[in-house]
Amino acid sequence: MEKHQLVCIVCPMGCHLEVTKENDEYNVTGNKCPRGKAYGMKELTNPTRVVTTTVKIKGGLLNRLSVKTKEAIPKEKMFECMKFIDSIEVKAPVSVGDIIVKDLLGTGVDLVAARSM
Amino acid sequence: MKYDIVVVGGGPAGLAAAIEAKKNGVDNILVIERDRELGGILQQCIHNGFGLHVFKEELTGPEYAEKFITELKNMGIEYKLDTMVLEIGEERVIHAINTVDGFMRIKAGAIILSMGCRERTRGAISIPGSRPAGVFTAGTAQRFVNMEGYMVGKRVVILGSGDIGLIMARRMTLEGAKVLAVAELMPFSGGLTRNIVQCLEDYHIPLYLSHTLMEIKGKDRVEGVVIAEVDKNRKPIPGTEKHYDCDTLLLSVGLIPENEISKNAGIALDPVTSGPIVNESMETSIEGVFACGNVVHVHDLVDFVTAESKRAGKNAAKYIKKEIKADAKTAKTKPGEGIRYIVPHMVRPENVDGTLDLFMRVDNVYKDMNMVVKIDGKEIKRMKKKHLAPGEMESVKIKKEDLGFKEDAVITVQLEKEGA
(Lines give C-alpha, C1' and ligand atoms only; values in the text may rest on other atoms or scores of the structure.)
Protein backbone atom coordinates (compact mmCIF):
# COMPACT_ATOMS: atom_id res chain seq x y z
CA MET A 1 0.00 0.00 0.00
CA GLU A 2 1.25 3.46 -0.93
CA LYS A 3 0.71 6.45 1.37
CA HIS A 4 1.02 10.11 0.42
CA GLN A 5 0.68 13.22 2.56
CA LEU A 6 -0.63 16.22 0.61
CA VAL A 7 -1.90 19.69 1.36
CA CYS A 8 -4.99 20.51 -0.65
CA ILE A 9 -4.59 23.67 -2.73
CA VAL A 10 -8.16 23.93 -4.02
CA CYS A 11 -9.16 26.58 -1.48
CA PRO A 12 -7.49 28.60 1.28
CA MET A 13 -8.53 26.07 3.95
CA GLY A 14 -5.43 24.04 3.08
CA CYS A 15 -6.71 20.67 4.34
CA HIS A 16 -4.03 18.10 5.17
CA LEU A 17 -4.84 15.07 3.03
CA GLU A 18 -3.68 11.51 3.27
CA VAL A 19 -4.01 9.60 0.04
CA THR A 20 -3.56 5.86 0.06
CA LYS A 21 -3.33 3.62 -2.99
CA GLU A 22 -4.25 -0.03 -2.85
CA ASN A 23 -4.73 -2.19 -5.95
CA ASP A 24 -5.09 0.90 -8.18
CA GLU A 25 -7.76 2.32 -5.89
CA TYR A 26 -7.20 5.68 -4.29
CA ASN A 27 -8.62 6.61 -0.92
CA VAL A 28 -8.48 10.20 0.37
CA THR A 29 -8.90 11.20 4.02
CA GLY A 30 -8.54 14.54 5.82
CA ASN A 31 -10.51 16.49 3.20
CA LYS A 32 -13.34 18.71 4.43
CA CYS A 33 -15.12 18.79 1.07
CA PRO A 34 -15.53 16.65 -2.07
CA ARG A 35 -13.19 18.91 -4.06
CA GLY A 36 -10.37 17.83 -1.75
CA LYS A 37 -11.02 14.19 -2.61
CA ALA A 38 -10.94 14.92 -6.33
CA TYR A 39 -7.76 16.97 -5.91
CA GLY A 40 -5.99 14.25 -3.92
CA MET A 41 -6.65 11.62 -6.57
CA LYS A 42 -5.83 13.87 -9.48
CA GLU A 43 -2.60 15.09 -7.90
CA LEU A 44 -1.24 11.55 -7.88
CA THR A 45 -2.54 10.49 -11.29
CA ASN A 46 -2.51 13.59 -13.48
CA PRO A 47 -1.51 16.78 -11.65
CA THR A 48 -2.85 19.92 -13.30
CA ARG A 49 -2.67 23.68 -12.66
CA VAL A 50 -4.40 26.76 -13.98
CA VAL A 51 -1.70 28.99 -15.47
CA THR A 52 -2.12 32.72 -14.98
CA THR A 53 0.25 35.05 -16.77
CA THR A 54 0.31 38.04 -19.11
CA VAL A 55 0.65 38.75 -22.82
CA LYS A 56 1.86 41.88 -24.58
CA ILE A 57 -0.88 44.32 -25.48
CA LYS A 58 -0.72 47.31 -27.84
CA GLY A 59 -2.95 50.34 -27.45
CA GLY A 60 -4.07 49.51 -23.91
CA LEU A 61 -3.85 51.38 -20.63
CA LEU A 62 -1.04 49.01 -19.55
CA ASN A 63 1.75 47.14 -21.35
CA ARG A 64 0.56 43.71 -20.25
CA LEU A 65 -2.83 42.02 -20.39
CA SER A 66 -3.49 39.43 -17.72
CA VAL A 67 -4.58 36.04 -19.12
CA LYS A 68 -5.33 32.58 -17.75
CA THR A 69 -5.91 29.07 -18.98
CA LYS A 70 -9.66 28.58 -18.77
CA GLU A 71 -9.20 25.16 -17.18
CA ALA A 72 -6.25 23.52 -15.49
CA ILE A 73 -3.59 22.13 -17.83
CA PRO A 74 -1.16 19.27 -17.15
CA LYS A 75 1.58 20.42 -14.82
CA GLU A 76 4.42 19.22 -17.04
CA LYS A 77 3.17 21.35 -19.94
CA MET A 78 3.35 24.61 -17.99
CA PHE A 79 6.77 25.82 -19.09
CA GLU A 80 6.17 24.85 -22.70
CA CYS A 81 2.94 26.87 -22.62
CA MET A 82 4.67 29.82 -20.97
CA LYS A 83 7.23 29.86 -23.76
CA PHE A 84 4.50 29.92 -26.38
CA ILE A 85 2.47 32.57 -24.55
CA ASP A 86 5.60 34.72 -24.53
CA SER A 87 5.37 35.12 -28.31
CA ILE A 88 1.81 36.44 -28.30
CA GLU A 89 0.84 40.05 -28.77
CA VAL A 90 -2.73 41.35 -28.79
CA LYS A 91 -4.34 44.68 -29.62
CA ALA A 92 -6.76 46.59 -27.38
CA PRO A 93 -9.70 46.60 -26.90
CA VAL A 94 -10.09 43.22 -25.24
CA SER A 95 -12.95 42.08 -23.01
CA VAL A 96 -12.67 39.77 -20.03
CA GLY A 97 -13.23 36.17 -21.17
CA ASP A 98 -12.15 36.79 -24.79
CA ILE A 99 -10.26 33.82 -26.22
CA ILE A 100 -6.62 34.80 -26.81
CA VAL A 101 -5.41 31.34 -27.93
CA LYS A 102 -7.75 28.49 -28.80
CA ASP A 103 -6.68 25.01 -27.65
CA LEU A 104 -3.35 26.04 -26.15
CA LEU A 105 -0.65 23.65 -27.47
CA GLY A 106 -3.13 20.82 -27.92
CA THR A 107 -4.18 20.76 -24.28
CA GLY A 108 -7.80 21.32 -25.29
CA VAL A 109 -7.83 24.36 -22.99
CA ASP A 110 -8.26 27.94 -24.20
CA LEU A 111 -6.16 30.87 -23.04
CA VAL A 112 -8.57 33.70 -22.15
CA ALA A 113 -8.27 37.34 -21.14
CA ALA A 114 -8.60 37.87 -17.39
CA ARG A 115 -9.56 41.53 -17.66
CA SER A 116 -10.91 44.06 -20.10
CA MET A 117 -8.64 46.70 -21.52
CA MET B 1 -18.93 69.86 -3.65
CA LYS B 2 -21.23 67.87 -1.44
CA TYR B 3 -21.93 64.13 -1.23
CA ASP B 4 -23.82 61.91 1.19
CA ILE B 5 -21.00 59.38 1.26
CA VAL B 6 -17.40 59.78 0.09
CA VAL B 7 -15.29 56.63 -0.18
CA VAL B 8 -11.52 57.16 0.02
CA GLY B 9 -9.88 54.42 -2.07
CA GLY B 10 -11.27 52.51 -5.05
CA GLY B 11 -9.84 49.06 -4.36
CA PRO B 12 -11.93 46.02 -3.44
CA ALA B 13 -12.91 47.51 -0.05
CA GLY B 14 -14.00 50.87 -1.44
CA LEU B 15 -15.89 49.34 -4.36
CA ALA B 16 -17.84 46.90 -2.17
CA ALA B 17 -18.61 49.61 0.40
CA ALA B 18 -19.87 52.07 -2.23
CA ILE B 19 -22.03 49.45 -3.95
CA GLU B 20 -23.54 48.30 -0.66
CA ALA B 21 -24.23 51.88 0.47
CA LYS B 22 -26.09 52.51 -2.77
CA LYS B 23 -28.06 49.27 -2.39
CA ASN B 24 -29.09 50.54 1.03
CA GLY B 25 -30.72 53.62 -0.32
CA VAL B 26 -28.02 56.31 -0.55
CA ASP B 27 -27.64 57.77 -4.04
CA ASN B 28 -25.18 60.57 -3.73
CA ILE B 29 -21.87 58.70 -3.47
CA LEU B 30 -18.33 59.54 -4.64
CA VAL B 31 -15.37 57.16 -4.78
CA ILE B 32 -11.92 58.77 -4.86
CA GLU B 33 -9.01 56.73 -6.26
CA ARG B 34 -5.42 57.91 -6.59
CA ASP B 35 -4.42 55.38 -9.25
CA ARG B 36 -5.31 55.62 -12.95
CA GLU B 37 -7.96 52.91 -12.70
CA LEU B 38 -10.25 51.32 -10.13
CA GLY B 39 -9.57 47.92 -8.61
CA GLY B 40 -6.57 48.65 -6.44
CA ILE B 41 -3.87 46.06 -5.88
CA LEU B 42 -6.14 43.30 -7.26
CA GLN B 43 -5.20 44.52 -10.74
CA GLN B 44 -1.63 43.29 -10.26
CA CYS B 45 -2.64 40.05 -8.50
CA ILE B 46 -3.10 38.08 -11.70
CA HIS B 47 -2.94 34.69 -9.93
CA ASN B 48 -6.18 32.86 -9.24
CA GLY B 49 -7.86 31.84 -6.02
CA PHE B 50 -9.95 34.95 -5.43
CA GLY B 51 -13.70 34.85 -4.94
CA LEU B 52 -14.19 31.30 -3.66
CA HIS B 53 -16.38 32.59 -0.83
CA VAL B 54 -18.13 35.47 -2.61
CA PHE B 55 -18.65 34.02 -6.10
CA LYS B 56 -18.06 30.28 -5.44
CA GLU B 57 -15.57 30.21 -8.28
CA GLU B 58 -11.88 30.73 -8.64
CA LEU B 59 -11.07 34.09 -10.17
CA THR B 60 -7.91 36.05 -10.80
CA GLY B 61 -7.50 39.43 -9.11
CA PRO B 62 -8.40 41.50 -12.19
CA GLU B 63 -11.49 39.33 -12.82
CA TYR B 64 -12.64 39.78 -9.23
CA ALA B 65 -12.07 43.54 -9.45
CA GLU B 66 -13.83 43.82 -12.81
CA LYS B 67 -17.04 42.29 -11.44
CA PHE B 68 -17.23 45.05 -8.84
CA ILE B 69 -16.10 47.82 -11.19
CA THR B 70 -18.82 46.83 -13.69
CA GLU B 71 -21.45 46.77 -10.96
CA LEU B 72 -20.33 50.18 -9.66
CA LYS B 73 -20.50 51.69 -13.15
CA ASN B 74 -23.88 50.11 -13.90
CA MET B 75 -25.23 51.61 -10.69
CA GLY B 76 -24.07 55.03 -11.80
CA ILE B 77 -21.88 55.62 -8.76
CA GLU B 78 -19.55 58.58 -9.34
CA TYR B 79 -15.79 58.14 -9.08
CA LYS B 80 -12.69 60.24 -9.62
CA LEU B 81 -9.42 58.68 -10.77
CA ASP B 82 -5.88 60.08 -10.43
CA THR B 83 -7.17 61.96 -7.43
CA MET B 84 -5.32 62.23 -4.15
CA VAL B 85 -7.00 62.87 -0.83
CA LEU B 86 -4.71 65.17 1.14
CA GLU B 87 -6.57 65.57 4.33
CA ILE B 88 -9.81 64.98 6.17
CA GLY B 89 -10.64 68.09 8.12
CA GLU B 90 -13.26 69.10 10.67
CA GLU B 91 -16.90 68.20 10.02
CA ARG B 92 -16.02 65.62 7.40
CA VAL B 93 -14.63 68.02 4.83
CA ILE B 94 -12.25 66.22 2.50
CA HIS B 95 -9.38 68.04 0.80
CA ALA B 96 -8.44 66.39 -2.47
CA ILE B 97 -6.50 67.29 -5.59
CA ASN B 98 -6.18 66.21 -9.22
CA THR B 99 -5.15 67.76 -12.54
CA VAL B 100 -8.72 68.23 -13.85
CA ASP B 101 -10.56 69.78 -10.91
CA GLY B 102 -7.54 71.21 -9.12
CA PHE B 103 -7.94 71.54 -5.37
CA MET B 104 -11.30 70.43 -4.02
CA ARG B 105 -13.12 70.75 -0.73
CA ILE B 106 -15.71 68.01 -0.56
CA LYS B 107 -18.29 67.95 2.22
CA ALA B 108 -19.35 64.44 3.11
CA GLY B 109 -22.34 63.24 5.14
CA ALA B 110 -20.33 60.12 5.94
CA ILE B 111 -16.84 59.01 4.96
CA ILE B 112 -15.64 55.47 4.33
CA LEU B 113 -11.89 54.97 4.62
CA SER B 114 -10.63 52.16 2.39
CA MET B 115 -7.03 53.08 1.63
CA GLY B 116 -5.71 49.55 2.02
CA CYS B 117 -2.20 48.84 3.19
CA ARG B 118 1.36 49.17 2.02
CA GLU B 119 4.32 46.87 2.16
CA ARG B 120 7.07 47.08 4.71
CA THR B 121 10.22 48.13 2.89
CA ARG B 122 13.92 47.66 3.39
CA GLY B 123 13.92 50.68 5.70
CA ALA B 124 11.19 49.20 7.90
CA ILE B 125 13.30 46.16 8.73
CA SER B 126 16.63 48.02 8.89
CA ILE B 127 18.76 46.02 6.48
CA PRO B 128 22.27 47.48 6.75
CA GLY B 129 24.74 48.07 3.94
CA SER B 130 24.91 49.90 0.63
CA ARG B 131 21.89 50.43 -1.57
CA PRO B 132 22.37 48.68 -4.89
CA ALA B 133 19.62 48.39 -7.50
CA GLY B 134 17.74 45.10 -7.45
CA VAL B 135 16.06 45.28 -4.05
CA PHE B 136 12.29 45.38 -4.46
CA THR B 137 9.29 44.74 -2.28
CA ALA B 138 7.44 41.71 -3.65
CA GLY B 139 4.41 43.84 -4.56
CA THR B 140 6.46 46.38 -6.49
CA ALA B 141 8.05 43.55 -8.47
CA GLN B 142 4.55 42.17 -9.04
CA ARG B 143 3.36 45.46 -10.51
CA PHE B 144 6.44 45.75 -12.74
CA VAL B 145 6.11 42.21 -14.07
CA ASN B 146 2.33 41.90 -14.34
CA MET B 147 1.21 45.37 -15.40
CA GLU B 148 4.12 47.44 -16.69
CA GLY B 149 5.90 44.59 -18.45
CA TYR B 150 9.37 44.81 -16.92
CA MET B 151 11.24 41.77 -15.66
CA VAL B 152 12.96 42.67 -12.41
CA GLY B 153 15.70 40.03 -12.26
CA LYS B 154 17.07 36.65 -13.29
CA ARG B 155 18.43 35.12 -10.09
CA VAL B 156 16.29 35.90 -7.10
CA VAL B 157 16.31 35.45 -3.34
CA ILE B 158 13.16 36.25 -1.39
CA LEU B 159 13.22 37.46 2.19
CA GLY B 160 10.02 36.74 4.10
CA SER B 161 7.36 34.17 3.38
CA GLY B 162 4.27 36.37 3.19
CA ASP B 163 1.74 35.40 0.55
CA ILE B 164 2.93 38.03 -1.94
CA GLY B 165 6.50 36.73 -1.70
CA LEU B 166 5.36 33.15 -2.27
CA ILE B 167 3.18 34.15 -5.22
CA MET B 168 6.12 36.07 -6.71
CA ALA B 169 8.42 33.07 -6.26
CA ARG B 170 6.13 31.16 -8.63
CA ARG B 171 5.56 34.10 -10.93
CA MET B 172 9.28 34.83 -11.39
CA THR B 173 9.97 31.12 -11.98
CA LEU B 174 7.27 30.93 -14.68
CA GLU B 175 8.79 33.99 -16.33
CA GLY B 176 12.14 32.24 -16.56
CA ALA B 177 13.98 33.52 -13.49
CA LYS B 178 15.68 31.21 -11.01
CA VAL B 179 14.40 31.63 -7.47
CA LEU B 180 17.18 30.35 -5.26
CA ALA B 181 15.59 30.46 -1.84
CA VAL B 182 12.94 31.94 0.42
CA ALA B 183 14.20 32.88 3.89
CA GLU B 184 11.77 33.38 6.78
CA LEU B 185 12.77 34.79 10.16
CA MET B 186 10.03 33.05 12.11
CA PRO B 187 9.88 29.28 12.69
CA PHE B 188 6.62 29.24 10.66
CA SER B 189 5.56 30.77 7.38
CA GLY B 190 3.55 33.97 7.26
CA GLY B 191 1.69 32.77 4.19
CA LEU B 192 -1.15 30.34 3.53
CA THR B 193 -0.16 26.67 3.50
CA ARG B 194 -1.61 26.21 0.02
CA ASN B 195 0.76 28.88 -1.26
CA ILE B 196 3.77 27.08 0.22
CA VAL B 197 2.62 24.00 -1.70
CA GLN B 198 1.63 25.48 -5.04
CA CYS B 199 4.23 28.25 -5.24
CA LEU B 200 7.34 26.72 -3.66
CA GLU B 201 7.05 22.92 -3.56
CA ASP B 202 5.70 22.76 -7.12
CA TYR B 203 8.90 24.41 -8.33
CA HIS B 204 11.34 22.90 -5.82
CA ILE B 205 12.14 26.27 -4.27
CA PRO B 206 13.65 25.80 -0.82
CA LEU B 207 12.04 27.55 2.17
CA TYR B 208 14.37 28.22 5.08
CA LEU B 209 12.46 28.88 8.30
CA SER B 210 14.25 30.61 11.22
CA HIS B 211 16.60 32.29 8.77
CA THR B 212 17.41 35.93 8.15
CA LEU B 213 19.34 38.13 5.77
CA MET B 214 22.87 38.99 6.89
CA GLU B 215 24.25 40.96 3.99
CA ILE B 216 23.49 42.34 0.55
CA LYS B 217 26.54 42.30 -1.72
CA GLY B 218 27.09 44.61 -4.66
CA LYS B 219 27.37 48.32 -5.12
CA ASP B 220 25.50 49.36 -8.28
CA ARG B 221 23.44 46.17 -8.61
CA VAL B 222 22.83 43.34 -6.17
CA GLU B 223 25.53 40.72 -6.72
CA GLY B 224 24.68 38.33 -3.95
CA VAL B 225 23.17 37.90 -0.51
CA VAL B 226 24.08 36.02 2.64
CA ILE B 227 21.43 34.40 4.79
CA ALA B 228 21.94 32.66 8.11
CA GLU B 229 19.97 30.62 10.59
CA VAL B 230 18.74 32.35 13.75
CA ASP B 231 18.38 31.00 17.28
CA LYS B 232 15.20 31.29 19.33
CA ASN B 233 16.07 34.91 20.19
CA ARG B 234 16.25 35.58 16.45
CA LYS B 235 20.01 36.17 16.65
CA PRO B 236 22.05 34.78 13.75
CA ILE B 237 23.99 31.61 14.54
CA PRO B 238 27.66 31.98 13.45
CA GLY B 239 28.77 29.39 10.94
CA THR B 240 25.32 28.86 9.39
CA GLU B 241 25.77 31.45 6.64
CA LYS B 242 24.68 30.53 3.11
CA HIS B 243 25.97 32.57 0.16
CA TYR B 244 23.86 33.12 -2.94
CA ASP B 245 24.91 34.71 -6.22
CA CYS B 246 21.84 36.65 -7.25
CA ASP B 247 20.91 39.92 -8.92
CA THR B 248 17.64 40.53 -7.13
CA LEU B 249 16.28 40.50 -3.60
CA LEU B 250 12.53 40.57 -3.07
CA LEU B 251 11.14 41.57 0.31
CA SER B 252 7.91 40.06 1.57
CA VAL B 253 8.15 41.13 5.17
CA GLY B 254 4.69 42.26 6.07
CA LEU B 255 2.00 44.82 5.36
CA ILE B 256 0.95 47.88 7.31
CA PRO B 257 -2.46 49.55 7.02
CA GLU B 258 -2.03 52.92 5.37
CA ASN B 259 -3.39 55.41 7.87
CA GLU B 260 -1.61 58.73 7.31
CA ILE B 261 -4.92 60.41 6.52
CA SER B 262 -6.64 58.76 9.50
CA LYS B 263 -3.85 59.83 11.87
CA ASN B 264 -3.95 63.44 10.71
CA ALA B 265 -7.72 63.45 11.08
CA GLY B 266 -7.29 62.45 14.74
CA ILE B 267 -8.78 58.96 14.41
CA ALA B 268 -7.74 56.61 17.23
CA LEU B 269 -5.57 53.72 16.01
CA ASP B 270 -4.94 50.28 17.48
CA PRO B 271 -1.18 49.84 18.00
CA VAL B 272 -1.41 46.09 17.24
CA THR B 273 -3.28 46.28 13.92
CA SER B 274 -2.01 49.82 13.01
CA GLY B 275 -5.58 50.40 11.82
CA PRO B 276 -8.42 52.49 13.24
CA ILE B 277 -10.27 51.34 16.34
CA VAL B 278 -13.74 50.46 15.04
CA ASN B 279 -17.08 49.40 16.45
CA GLU B 280 -19.57 46.80 15.21
CA SER B 281 -20.68 49.16 12.44
CA MET B 282 -17.05 49.65 11.27
CA GLU B 283 -17.28 53.24 12.51
CA THR B 284 -14.04 54.83 13.74
CA SER B 285 -13.56 57.06 16.78
CA ILE B 286 -14.85 60.00 14.71
CA GLU B 287 -18.60 59.87 14.25
CA GLY B 288 -19.68 59.30 10.67
CA VAL B 289 -16.24 58.14 9.55
CA PHE B 290 -16.21 54.43 8.73
CA ALA B 291 -13.32 52.17 7.71
CA CYS B 292 -13.02 48.78 6.05
CA GLY B 293 -10.62 46.38 4.44
CA ASN B 294 -6.85 46.34 4.83
CA VAL B 295 -6.79 49.88 6.21
CA VAL B 296 -8.37 48.41 9.37
CA HIS B 297 -6.35 45.19 9.61
CA VAL B 298 -4.55 43.14 7.00
CA HIS B 299 -6.77 40.34 5.67
CA ASP B 300 -5.60 37.09 4.03
CA LEU B 301 -8.47 36.89 1.57
CA VAL B 302 -10.18 39.56 -0.49
CA ASP B 303 -13.45 37.71 0.11
CA PHE B 304 -13.23 38.71 3.79
CA VAL B 305 -12.43 42.29 2.76
CA THR B 306 -15.57 42.33 0.62
CA ALA B 307 -17.75 41.04 3.46
CA GLU B 308 -16.36 43.58 5.93
CA SER B 309 -16.66 46.43 3.44
CA LYS B 310 -20.28 45.60 2.72
CA ARG B 311 -20.91 45.96 6.44
CA ALA B 312 -19.19 49.37 6.43
CA GLY B 313 -21.15 50.50 3.36
CA LYS B 314 -24.45 49.37 4.80
CA ASN B 315 -23.78 51.08 8.12
CA ALA B 316 -22.62 54.31 6.48
CA ALA B 317 -25.98 54.31 4.66
CA LYS B 318 -27.76 53.68 7.96
CA TYR B 319 -25.82 56.57 9.46
CA ILE B 320 -27.00 58.90 6.68
CA LYS B 321 -30.56 57.71 7.30
CA LYS B 322 -30.01 58.26 11.07
CA GLU B 323 -30.69 54.60 11.83
CA ILE B 324 -27.61 53.98 13.97
CA LYS B 325 -28.02 54.27 17.72
CA ALA B 326 -24.94 56.16 18.85
CA ASP B 327 -25.69 56.13 22.57
CA ALA B 328 -26.46 52.40 22.85
CA LYS B 329 -24.72 50.42 25.58
CA THR B 330 -21.26 49.34 24.58
CA ALA B 331 -18.93 46.43 25.24
CA LYS B 332 -15.21 46.30 24.52
CA THR B 333 -13.51 43.31 22.96
CA LYS B 334 -10.27 42.14 24.53
CA PRO B 335 -7.81 39.60 23.14
CA GLY B 336 -7.12 36.89 25.73
CA GLU B 337 -4.46 34.17 25.92
CA GLY B 338 -3.03 33.35 22.49
CA ILE B 339 -4.92 36.08 20.59
CA ARG B 340 -3.11 39.14 19.21
CA TYR B 341 -6.02 41.36 18.30
CA ILE B 342 -9.76 41.43 17.73
CA VAL B 343 -11.71 43.54 15.23
CA PRO B 344 -14.10 45.21 15.96
CA HIS B 345 -12.86 46.76 19.17
CA MET B 346 -16.24 47.95 20.41
CA VAL B 347 -19.71 46.41 20.19
CA ARG B 348 -23.13 47.97 20.61
CA PRO B 349 -25.55 45.01 20.45
CA GLU B 350 -28.48 47.22 19.44
CA ASN B 351 -26.75 47.96 16.14
CA VAL B 352 -25.84 44.34 15.43
CA ASP B 353 -27.61 42.81 12.46
CA GLY B 354 -28.30 39.12 13.11
CA THR B 355 -24.81 38.04 14.09
CA LEU B 356 -21.72 39.78 15.36
CA ASP B 357 -18.60 38.69 13.48
CA LEU B 358 -15.33 39.00 15.35
CA PHE B 359 -12.07 38.68 13.41
CA MET B 360 -8.75 37.89 15.03
CA ARG B 361 -5.26 36.54 14.65
CA VAL B 362 -3.44 34.18 16.97
CA ASP B 363 0.09 34.93 18.19
CA ASN B 364 1.73 31.59 17.38
CA VAL B 365 1.17 28.23 15.69
CA TYR B 366 -1.16 26.04 17.77
CA LYS B 367 -2.62 22.57 17.40
CA ASP B 368 -5.79 21.11 18.94
CA MET B 369 -7.03 24.13 20.88
CA ASN B 370 -10.39 25.45 21.97
CA MET B 371 -11.29 28.99 21.05
CA VAL B 372 -13.45 30.34 23.88
CA VAL B 373 -15.60 33.48 23.84
CA LYS B 374 -16.59 34.98 27.18
CA ILE B 375 -18.63 38.02 28.17
CA ASP B 376 -17.54 39.35 31.59
CA GLY B 377 -16.04 35.95 32.35
CA LYS B 378 -19.15 33.96 31.36
CA GLU B 379 -18.54 31.49 28.54
CA ILE B 380 -20.91 31.91 25.60
CA LYS B 381 -19.17 29.97 22.86
CA ARG B 382 -16.47 27.33 22.47
CA MET B 383 -15.04 26.04 19.21
CA LYS B 384 -12.55 23.28 18.53
CA LYS B 385 -9.61 24.28 16.34
CA LYS B 386 -7.30 21.65 14.92
CA HIS B 387 -4.77 24.05 13.51
CA LEU B 388 -4.19 27.76 14.20
CA ALA B 389 -1.49 29.97 12.69
CA PRO B 390 -0.77 33.72 12.70
CA GLY B 391 -0.91 33.73 8.91
CA GLU B 392 -4.52 32.53 8.85
CA MET B 393 -7.20 34.87 10.14
CA GLU B 394 -9.81 33.38 12.48
CA SER B 395 -13.39 34.49 12.90
CA VAL B 396 -16.17 33.92 15.41
CA LYS B 397 -19.86 34.46 14.82
CA ILE B 398 -21.92 35.39 17.85
CA LYS B 399 -25.71 35.46 17.71
CA LYS B 400 -27.29 38.75 18.65
CA GLU B 401 -29.36 37.12 21.39
CA ASP B 402 -26.16 35.88 23.07
CA LEU B 403 -24.96 39.46 23.42
CA GLY B 404 -26.95 40.30 26.55
CA PHE B 405 -24.77 42.25 28.98
CA LYS B 406 -24.53 45.25 31.24
CA GLU B 407 -22.94 48.55 30.30
CA ASP B 408 -19.12 48.44 29.95
CA ALA B 409 -18.92 44.67 29.54
CA VAL B 410 -15.78 43.01 28.18
CA ILE B 411 -15.95 40.36 25.45
CA THR B 412 -12.84 38.19 25.47
CA VAL B 413 -11.65 35.52 23.07
CA GLN B 414 -8.92 33.20 24.24
CA LEU B 415 -7.30 29.89 23.44
CA GLU B 416 -7.44 26.95 25.82
CA LYS B 417 -5.69 23.65 25.46
CA GLU B 418 -8.00 20.83 24.49
CA GLY B 419 -9.00 18.95 27.63
CA ALA B 420 -7.66 21.61 29.99
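Chain letters run A, B, ... following the sequence lines, proteins first, then strands; residues in each count from 1. Keep in mind it's a predicted model, so treat the numbers as computed, not measured.
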Looking only at atom types and distance, does a side-chain atom of Thr140(B) sit under 3.5 Å from a main-chain N or O of Phe136(B), one as donor and one as acceptor? no
Check whether any side-chain heavy atom of Val343(B) sits under 4.5 Å from a side-chain heavy atom of Leu358(B), and report yes or no.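 The answer is no; the side chains never approach within 4.5 Å.
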With Tyr79(B), which residues qualify under ring pair (Phe, Tyr, Trp, His ring centres under 6.0 Å), at least two apart? none
Residue part contacting chain B, namely of Cys81(A), when any heavy atom lies under 4.5 Å: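 Contact with chain B is absent: no heavy atom of Cys81(A) under 4.5 Å.
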What part of Val10(A) gets closer than 4.5 Å to chain B, counting heavy atoms only: side chain, backbone, both or neither?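 Contact with chain B: backbone only.
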Could you pull out the closest heavy-atom pair between Leu72(B) and Ala18(B), with the gap in Å? CD1-CB, 3.9 Å
Once you leave out hydrogens and angles, what donor-acceptor pairs under 3.5 Å do chain B and chain A share?
unit_1, atom_1, unit_2, atom_2, d
Glu37(B), OE1, Arg115(A), NH1, 3.4
Glu37(B), OE1, Arg115(A), NH2, 2.6
Glu37(B), OE2, Arg115(A), NH1, 3.1
Gln43(B), OE1, Arg115(A), NH1, 3.3
Ile46(B), O, Thr52(A), OG1, 3.3
Glu63(B), N, Ala114(A), O, 3.4
Glu63(B), OE1, Lys68(A), NZ, 3.1
Glu63(B), OE2, Lys68(A), NZ, 3.3
Glu66(B), OE1, Ser116(A), N, 2.7
Glu66(B), OE1, Ser116(A), OG, 3.4
Glu66(B), OE2, Ser116(A), OG, 2.3
Met147(B), O, Asn63(A), N, 3.3
Met147(B), O, Arg64(A), N, 3.3
Glu148(B), O, Asn63(A), ND2, 2.7
Arg171(B), NH1, Thr53(A), OG1, 3.2
Arg171(B), NH2, Thr53(A), OG1, 3.3
Glu175(B), OE2, Thr53(A), OG1, 3.3
Arg194(B), NE, Ile9(A), O, 3.3
Arg194(B), NE, Cys11(A), O, 3.3
Arg194(B), NH2, Ile9(A), O, 2.8
Arg194(B), NH2, Val10(A), O, 3.3
Asp202(B), OD1, Arg49(A), NH2, 2.9
Asp202(B), OD1, Lys75(A), NZ, 3.0
Asp202(B), OD2, Arg49(A), NE, 2.6
Asp202(B), OD2, Arg49(A), NH2, 3.1

Does this structure show an ion pair linking Asp363(B) with Arg340(B), if we count only N-O contacts that are shorter than 4.0 Å?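 Salt bridge absent between Asp363(B) and Arg340(B).
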Select, from Val51(A), Ile85(A), Leu61(A), the one with the greatest count of heavy-atom pairs under 4.5 Å involving chain B.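 Heavy-atom pairs under 4.5 Å are most numerous for Leu61(A).
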Give, as side chain, backbone, both or neither, the part of Ile46(B) having an atom under 4.5 angstrom from any heavy atom of chain A. both
Proximal component of Leu192(B), with respect to chain A [non-hydrogen, under 4.5 Å]: side chain
As an exercise, state the distance from CD1 of Ile57(A) to CG of Leu62(A), rounded to the nearest 0.5 Å. 8.5 Å
List for me each residue that meets side chain to side chain donor-acceptor pair (under 3.5 Å) alongside Lys80(B), sequence neighbours excluded, and say none if there are none.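 Residues passing side chain to side chain donor-acceptor pair (under 3.5 Å) with Lys80(B): Asp101(B).
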So Asn294(B) and Val305(B), side-chain contact (heavy atoms from CB on, under 4.5 Å) or not? Walk me through it. CA-CA 7 Å; Asn294(B) 282 357; Val305(B) 167; 3.8 Å; yes
